[in-house]
There are 2 protein chains.
Amino acid sequence: MEYTKIRNMEEFASVSGLSRPTVSKYFHDPSSVRATTRARIEAALEEHDYRPNIFAMNQNRKLTKNVGILVPYLADPFFAEIARNIEQRCIDAGYSPTLYSSHGDPNLEREILENLRALKPAGALIAPLGRVSDNGAVASFCEDVPTVLFDSNLPDVGLAFIGSDNPQFSMLMVEYLSRTGEPPCFFEMKDPANPNANKRRQGYLDAMAQLGFEPTIVKVDGQGWSFEEIGRAGGIQTLEAGGFSTNTVLCSNDRLAIGLLTACYEKGLRVGRDADCELRVAGQDDHPFSRYTCPPLTTIAQDYDAMSRRAVKTLFDVVESGERSRPHETVLYEGRLIMRQSA
Amino acid sequence: MEYTKIRNMEEFASVSGLSRPTVSKYFHDPSSVRATTRARIEAALEEHDYRPNIFAMNQNRKLTKNVGILVPYLADPFFAEIARNIEQRCIDAGYSPTLYSSHGDPNLEREILENLRALKPAGALIAPLGRVSDNGAVASFCEDVPTVLFDSNLPDVGLAFIGSDNPQFSMLMVEYLSRTGEPPCFFEMKDPANPNANKRRQGYLDAMAQLGFEPTIVKVDGQGWSFEEIGRAGGIQTLEAGGFSTNTVLCSNDRLAIGLLTACYEKGLRVGRDADCELRVAGQDDHPFSRYTCPPLTTIAQDYDAMSRRAVKTLFDVVESGERSRPHETVLYEGRLIMRQSA
DNA sequence: AATAATTTTTTACGCGCGGAAAGTTTTGAG
DNA sequence: CTCAAAACTTTCCGCGCGTAAAAAATTATT
């Protein structure tokens, strides 16, 4: 195969019988050279498998092909899934995405943004931690780097925010639950880090008001990203303190619901919509595991395929058009009711 | 703050009243310059907040501070967790880790390794896909880049393999299960991609033989990384075909077990170790979600704290000592029995 | 205070590639 | 076959920094 080790583009150009600038053009855009030239380069590529030095490429280029992707917590399968989705779309668009996770830590989030700057990315797609984020740091980053926010919004920061219509989520579920049984009470964390939680609560309140029911909100203690544990501990506590005010509970998100299901199991409470069940539990997000809980969780699915597509498209539209400033855009996707056995 | 925008190290050196090589030395190792010099640089740093250009730094340096981390499937919380652990340790050691996921795809795995090469990493920590990996590609990568393998082994590839003593896992669980009830049958995928699955099966067979019981292996169809779904579908099928040969099932891993629990729920089979339960189900891995299944899953915990610590230490020992070749090392950690309600 | 040891400066080159300008060859339309 | 457009080659310079060698300056030692 490779008789001679190719050390740089100069050498590679010589073995392929071309000049370096032409080869350079090829790597920048294969369609920018004549078909016969392209064929010669690609033939040489098979023989010697050379790759341009990334660092040398990027240092002297105004805009790199780097893209930063930042999620608040990668150990959450929901974010792992959406990150994967976005990552793939970036690759398909010819960019080099790099994935980062804040691991729930605002300091780490700030540090990652700082390091990201050094990579001179063409753009970034970030889901901020939310309420605990260093808003100044995020906003400052967004001024220097074209950035699309997703999942969790910071008002007027970045090019755009792509997310879910959280109030609609709760409305949809409240409507379904109260149509098929008792109206739900709402189960959430006392101090949710994610701003979506507030919108979901408000959606619940609005829906209940609209349907003429009295809302009840159960707030449980807990901090951090161990939502399942918070839901379980809070569930136990609530059940021991006399239980919920109705036989139906709408959780702020699936992970809390998963914890609540565990609590119900521990307390011997049968969950589901069958006649012999004592409680209905619903979640929101369509977390990857929600289909495998016992009983499987009724929930609202986020359309993360559409969201990731839109987020990536918005970013690259701006990056590739070179626009300096465009009006901040907000796009919200509706959720879809996923009926399973838990409610 | 910054009256003058610093464009490069030359300018920064001049505003701090020093020469560029001295400043360069500082960024390479702050302790390599005199304390008074260090103070001047750091004072200037506060004023102008300059950062050396990463690409320029790396292009002309034999070894970068980059470290590649590759896991087979980041949407699996187990890998997300261990990746986070490893990532943090790399940062603490002063390196810049970059996280990648093969997403279960051997082609993507090969491509990532190729891209990783271009980053001239000082080292890499990778968990190969396993049986479906392009072994040649992985081995070739390991020859060029100091690499420690974890989770899933490829014989004699890389500097070392750090993993779990999988046969011991099964032995431990078989011993526990047969001591407290009927000996288990073994539930697994027909064609497991992960080589650990084979070791766990063998551990099961050995343990059963040692204890004088007749082993039974239930193999279920399914491919890919949707283990929960494979476990659920296989579970339904097995239960409809007459059920398991004993009232105790040891699953090859927690995710299969989670799916099996769902199948049992669908079939109305009560799982647990109480008198009124019809089946005991155990897993292996201590998956983050296993504590929240209904019933909570009895399983074997991998010591991923110890594994990640050892993997990172092994890598950096080699990288920093500059050793060319050292004997391949294999380190296996024992599992710990986590008793919950499912078995 | 003189000498040795350490640190810093000066100078210079190289890394691998981007990109511009001007000249040369190839291509394709008529 | 002619000629202009397109593609390619040649030649340069620059990016920001690493790094080496030698000279100069600073500190430490006796």
Side-chain angles (χ1 to χ4, degrees), chain A residues 4-45 48-66 94 96 115 117-120 122 322, chain B residues 4-45 48-66 96 115 117-122 322:
Chain A
T4 53
K5 294 285 172 189
I6 305 298
R7 306 205 159 278
N8 55 38
M9 194 181 281
E10 191 77 55
E11 285 186 24
F12 177 73
S14 105
V15 300
S16 53
L18 294 163
S19 70
R20 187 179 67 75
T22 303
V23 173
S24 175
K25 269 189 78 176
Y26 168 84
F27 282 112
H28 189 46
D29 174 12
S31 71
S32 69
V33 300
R34 206 184 299 148
T36 59
T37 309
R38 188 160 55 242
R40 288 168 71 182
I41 293 179
E42 274 154 10
L45 227 37
H48 304 275
D49 99 301
Y50 154 82
R51 308 188 57 138
N53 180 307
I54 292 187
F55 303 105
M57 286 180 65
N58 285 336
Q59 85 175 23
N60 196 20
R61 183 140 73 177
K62 68 238 92 227
L63 81 161
T64 68
K65 284 285 189 176
N66 296 333
S96 299
N115 288 332
R117 276 189 151 97
L119 290 178
K120 298 184 189 301
Chain B
T4 53
K5 293 286 174 190
I6 306 297
R7 305 205 159 278
N8 54 37
M9 195 181 280
E10 192 77 55
E11 284 187 24
F12 177 74
S14 104
V15 300
S16 53
L18 293 164
S19 71
R20 187 177 66 75
T22 302
V23 172
S24 175
K25 269 190 80 176
Y26 168 85
F27 281 112
H28 194 265
D29 174 12
S31 72
S32 69
V33 301
R34 205 186 299 149
T36 59
T37 308
R38 188 161 54 243
R40 288 167 72 183
I41 293 179
E42 274 154 9
L45 226 37
H48 303 277
D49 101 298
Y50 153 82
R51 308 184 56 139
N53 180 306
I54 291 187
F55 302 105
M57 288 180 64
N58 285 335
Q59 86 177 23
N60 196 19
R61 182 141 72 177
K62 68 235 87 232
L63 82 162
T64 67
K65 284 286 191 179
N66 296 333
S96 298
N115 288 333
R117 273 189 152 98
L119 290 178
K120 297 185 190 300

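The figures here come from the full heavy-atom set of this structure, side chains too, leaving out hydrogens, waters and symmetry mates. Being a predicted model, the structure only gives us computed values, none of them experimental.
Contact annotation: the side chain of L119(A) approaches that of F55(B) to within less than 4.5 Å [non-hydrogen atoms, C-beta and beyond].
For S24(A), a side-chain nitrogen or oxygen approaches OP1 or OP2 of dG18(C) to under 4.0 Å. Considering only side-chain N and O atoms, T22(A) lies under 4.0 angstrom from the phosphate OP1 or OP2 of dT9(D). Phosphate proximity of dC17(C) to Y50(A): present, with a side-chain N or O under 4.0 Å from OP1 or OP2.
If you measure from atom CZ of R7(B) to atom P of dG16(D), you get 8 Å, rounded to the nearest angstrom. Distance K120(A) NZ to dG16(D) P: 7 Å, rounded to the nearest Å. When the C1' atom of dG14(D) is taken as reference, atom CZ of F55(A) falls 20 Å away, rounded to whole Å. For the pair Y26(B) OH and dT7(C) P, the computed distance is 17 Å after rounding to whole Å. Between K25(A) atom NZ and dA20(C) atom P the separation is 11 Å, expressed in whole Å. The distance between atom CZ of R40(A) and atom C1' of dC8(D), rounded to the nearest whole Å, is 10 Å. Rounded to whole Å, the distance from CZ on R51(B) to P on dG16(D) is 16 Å. Following rounding to the nearest Å, D29(B) (CG) and dT19(D) (C1') show an atom-to-atom distance of 15 Å.
T64(B) and K120(B) get closest at one heavy-atom pair: OG1-O, 2.7 Å. Heavy-atom minimum distance, S31(B) versus R38(B): CA-NH1, 3.6 Å.
Residue contacts shown for P52(A) are limited to sugar-phosphate atoms, with no base heavy atom under 4.0 Å away.
For R34(A), the side-chain atoms get nearest to dC8(D) when compared with the rest of dC8(D), dG16(C), dG18(C). The side chain of S19(A) has dT10(D) as its nearest neighbour among dT9(C), dT10(D), dT27(D). Among the nucleotides dT8(C), dA7(D), dC17(C), the one closest to the side chain of T37(A) is dA7(D).
Both H28(B) and Q59(B) lie near DNA chain D, and the one whose nearest nucleotide falls closer to the 5' end is Q59(B). Nearer the 5' end of DNA chain C, as judged by each residue's closest nucleotide, is the contact made by M9(A), out of T36(A) and M9(A).
Taking the six-membered ring where tryptophan is involved, the planes of F27(B) and Y50(B) are perpendicular, since the angle between them exceeds 60° and thus also 30°.
A donor-acceptor contact under 3.5 Å is formed by the side chain of R20(A) with the base of dG18(C).
Side-chain N/O atoms of R51(B) and N115(A) include a donor and acceptor closer than 3.5 Å.
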